[in-house]
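Working notes, beginning with the structure itself.
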Amino acid sequence: MADLPLMITLMTVLIYLLPSCIKSSEIILPKSLNLTLLTDPSAISAASHDFGNITTVIPGGVICPSSPAEISRLLSYASNGERKFQVAARGQGHSLKGQAAVLNGVIVNMTCLAGVVISDDMKYADVAGGTLWVDVLKNTAEKGVSPVSWTDYLHVSIGGTLSNAGIGGEVFRNGPQISNVLELDVITGKGEMLACSSQLNSELFYGVLGGLGQFGIITRARIVLNHAPKRAKWFRMLYSDFTAFTKDQERLISMADDAGVDYLEGQLFMSNGVVDTSFFPQSNQSKIADLVKSHGIIYVLEVAKFYDDPTLPIIGQVVDMLTRTLSYLPGFISMHDVAYFDFLNRVKAEEDKLRSLGLWEVPHPWLNLYVPKSQILDFHNGVVKDILLKQNSTSGLTLLYPSNRNKWDNRMSAMVTDEEDVVYIIGILQSATPQNVPEVESLNDSIIRVCKDSGIKIKQYLMHYTRKEDWVEHFGTKWSDFSKRKDLFDPKKLLSPGQDIF
Ligand code: FAD
């Protein structure tokens, strides 16, 4: 005990010194490139971590490009002759396990290239690769238009989500974000600046969409726009029966635009986790806590219908349809009427809350999966009930909602489970402490093992494999095209090495 003040002083000195101890290896760029390579401890430290907070990967330097041409010069130089260093585009670094990192190589800070230009006919926006989706929304909604497919969280970059898929509650109707892109400007691993679309350089276009940053750096995306509604009626309904819950979800995603909802997701309240009842009226909150305690799991169906004043009558019909035809627990429906922007940006409020509690910058060993509709009950019984619910405690959210498979384009690199018309999107989004990361990761491993052993045909999303055979299995019949595209567009294997594919 007598040594406590000394220990505190030592720890304070260590924490203070830490950023200057992060040492990067030296990269020297020729003057003729006219590029500034940032190597100061704060730039290096910021590019060494990501949202997952599980890995630390130290780059050699960071560039903040003022134009796509600068990225092209960097990649032409790096790929010329002997490979000089690897390169990773970094949007917001909201990856989970170093996917936007590069050991000893160069990080391209894409946030330096941001901006939105809306076409005269307002049918699309040309968006720079580092732009945040929230800024696309601000710029477009101001003019009465909006993209049609959203991730739950908008403080992620265009290039980052288009390299994965960009999924959320509008996918069942409009497809993932990658299905709503008309054209891209891409700088390949050889430094070529190419425009591409389904008609022009289509191999590159389809490769890059969901391509995990492997074939080129997206500097511009032409994003489809539609009318921006002003407001959203936002509902949550509770179920104690899983089959009733999924049956209603599946029915809602099969309905036509006007008659149905515009957004649909779902989450689980589990008795061993934190149950956030704040969406519901005060008078119902303790009843909900009791329901969760007595049932173990309560299923939360979440939907929204967007509207403007003139379309308000349709809303009445949709509310009527929800209350008359769905099988939620009587009395357990709650509705909020919010601005369209606030609805789409809803996770920001959660971020602010978690940040204020010091719970945002913690490890996030998240597991995201696609599960075919025919196996969702097996998944529920084998994983949710037999694994998750049997933990002493769980932290974070579990999302579970269906989507229509025909909204995906198989020519793109993104992988999703095949064969069935409906696929479930699952997010087991646990927070951890530095000490219990291995425990949560081994829980995730056991979930994957149980799925494999019981024949549940999952695909992972935002995954991080370290073994080649896992990647080959992940891409299945697309693997051969995926690796051919790598040879074609990034033969020196410079790009996004943090994905650990090549
Ligand atoms: P980064 O982490 O910076 O990069 C991701 C990958 O893309 C890296 O390999 C990187 O090298 C590459 N890359 C980045 N920019 C470019 C570019 N311009 N050109 C080529 N390659 C590039 N995802 C969903 O789909 N739906 C959700 O609802 C969702 N919710 C989320 C909620 C939270 C709180 C968080 C933290 C993440 C969520 N995500 C969701 C995941 C998120 O979409 C991905 O992690 C995405 O990659 C983050 O974008 P980023 O700009 O931070 O990308």
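All ligand and atom numbering here is 1-based and tracks the order in the structure. Starting from 1, each residue takes its place in the sequence as its number.
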What protein heavy atom lies closest to atom 45 (O) of ligand 1? Include the residue and the distance to one decimal.
His94 O, 3.1 Å
Would you please classify the geometry between the Tyr370 ring and the Tyr461 ring as parallel, tilted or perpendicular, with 30° and 60° separating the classes?
tilted
Decide whether Asp248 and Tyr239 meet the rule of one side-chain donor and one side-chain acceptor closer than 3.5 Å.
yes
Value rounded to 0.5 Å, distance of CG in Leu75 from CD1 in Ile187
7.0 Å
Gly93 heavy atom under 4.0 Å from ligand 1:
yes
Provide the number and element of each atom of ligand 1 under 4.0 Å from a heavy atom of Gly213.
21 (N)
Of the protein's non-hydrogen atoms, which lies at the shortest distance from atom 39 (N) of ligand 1, and what is that distance?
Leu462 CD1, 4.4 Å
For Lys492, I'd like to know if atom NZ has over 12 heavy atoms of other residues, nucleotides or ligands within 6.0 Å.
yes
Considering only the protein, which heavy-atom contact is closest to atom 35 (C) of ligand 1, and what is its distance?
Tyr153 CD2, 3.8 Å
Mind checking whether Ile167 has an N or O less than 3.5 Å away from an N or O of ligand 1?
yes
Heteroatom proximity flag, Thr151 to ligand 1, N/O under 3.5 Å
no
When you look for heavy atoms under 4.0 Å from ligand 1, do you find them on the side chain of Gln92, its backbone, both, or neither?
both
min-distance protein heavy atom vs atom 48 (C) of ligand 1 -> Val156 CG1, 3.6 Å
Under 4.0 Å from a heavy atom of Gln99: which atoms of ligand 1 are those, numbered in the order shown and with their elements?
8 (C), 9 (O), 11 (O)
Does any N or O of ligand 1 fall below 3.5 Å from an N or O anywhere on Arg90, backbone included?
no
Ring geometry between Phe245 and Phe242 (parallel below 30°, tilted from 30 to 60°, perpendicular above 60°):
tilted
Heavy-atom neighbours of Gln199 CD exceed 12 at 6.0 Å
no
Tell me which protein heavy atom sits closest to atom 51 (O) of ligand 1, plus the residue, atom name and distance to 0.1 Å.
Ser157 OG, 2.6 Å
Atoms in ligand 1 flagged as close to Phe51, the criterion being non-hydrogen separation under 4.0 Å
36 (C)
Location of contacts on Ala89 toward ligand 1, heavy atoms closer than 4.0 Å
both
On the ring face of Phe279, is Arg236 found with NZ or CZ under 6.0 Å from the centre and within 45° of the axis?
yes
Of all protein heavy atoms, the one nearest atom 2 (O) of ligand 1 is Ser95 OG, 2.6 Å
Pairs flagged by disulfide (SG to SG under 2.5 Å) wherever residues 36-73 is involved - sequence neighbours left out:
Cys64-Cys112
With heavy atoms only and a cut-off of under 4.0 Å, state how His364 meets ligand 1: side chain, backbone, both or neither.
neither
Can you label the angle between the Tyr153 ring and the His94 ring as parallel, tilted or perpendicular, going by 30° and 60°?
perpendicular
Which ligand 1 atoms, with their elements, are less than 4.0 angstrom from a heavy-atom of Gly166?
25 (O)
Quick one: does Asp50 get a heavy atom under 4.0 Å from ligand 1?
no
Ligand-side contact atoms (ligand 1) for residue partner Asp152, heavy atom cut-off under 4.0 Å:
27 (C), 28 (O)
Parallel, tilted or perpendicular: which describes the rings of Phe215 and Phe482, with under 30° parallel and over 60° perpendicular?
perpendicular
Sub-3.5 Å N/O-N/O distance, Asn164 and ligand 1:
yes
Is it true that Asp421 and Arg405 have a side-chain N and a carboxylate O under 4.0 angstrom from each other?
no
Just need the protein heavy atom nearest to atom 19 (N) of ligand 1, so name the residue and atom and give the distance.
Ile218 N, 2.8 Å
Under 6.0 Å from the six-membered ring centre of Phe489 and within 45° of its axis: does the NZ or CZ of Arg485 meet both?
no
Could you tell me whether Tyr461 and ligand 1 have an N or O pair separated by under 3.5 Å?
yes
With a 4.0 Å cut-off on heavy atoms, is Trp360 in contact with ligand 1?
yes
Are Tyr424 and Tyr401 close enough that their ring centers fall under 6.0 Å?
no
Val347 near ligand 1 by a heavy-atom separation under 4.0 Å
no
What I want to know is whether Gly91 and ligand 1 share at least one N or O pair that is separated by under 3.5 angstrom.
yes
Hey, which atoms in ligand 1 end up nearer than 4.0 Å to a heavy atom of Thr161?
43 (O)
Is there a donor in the side chain of Ser442 and an acceptor in the side chain of Asp445, or the other way round, less than 3.5 Å apart?
no
Looking only at protein heavy atoms, which one is nearest to atom 6 (C) of ligand 1, and what is the separation?
Gln499 NE2, 4.0 Å
Gly216 neighbourhood, listing ligand 1 atoms whose heavy-atom distance to it stays under 4.0 Å
20 (C)
Check Lys484 with Glu203, please: is the shortest side-chain N to carboxylate O separation under 4.0 Å?
no
How does Trp366 reach ligand 1, by side chain, by backbone, by both or by neither, if only non-hydrogen atoms under 4.0 Å count?
side chain
Pair Tyr299 + Phe269: ring centers closer than 6.0 Å:
no
Between Gly160 and ligand 1, is there a nitrogen or oxygen pair with a distance under 3.5 Å?
yes
If you measure from OG1 on Thr417 to NZ on Lys459, what distance do you get to the nearest 0.5 Å?
8.5 Å
Assess whether a salt bridge exists between Glu351 and Arg355, defined as any Lys/Arg side-chain N lying under 4.0 Å from an Asp/Glu carboxylate O.
yes
May I ask which of Gly130, Ser163, Gly52, Gly169 has a heavy atom nearer to atom 21 (N) of ligand 1 than the others do?
Ser163
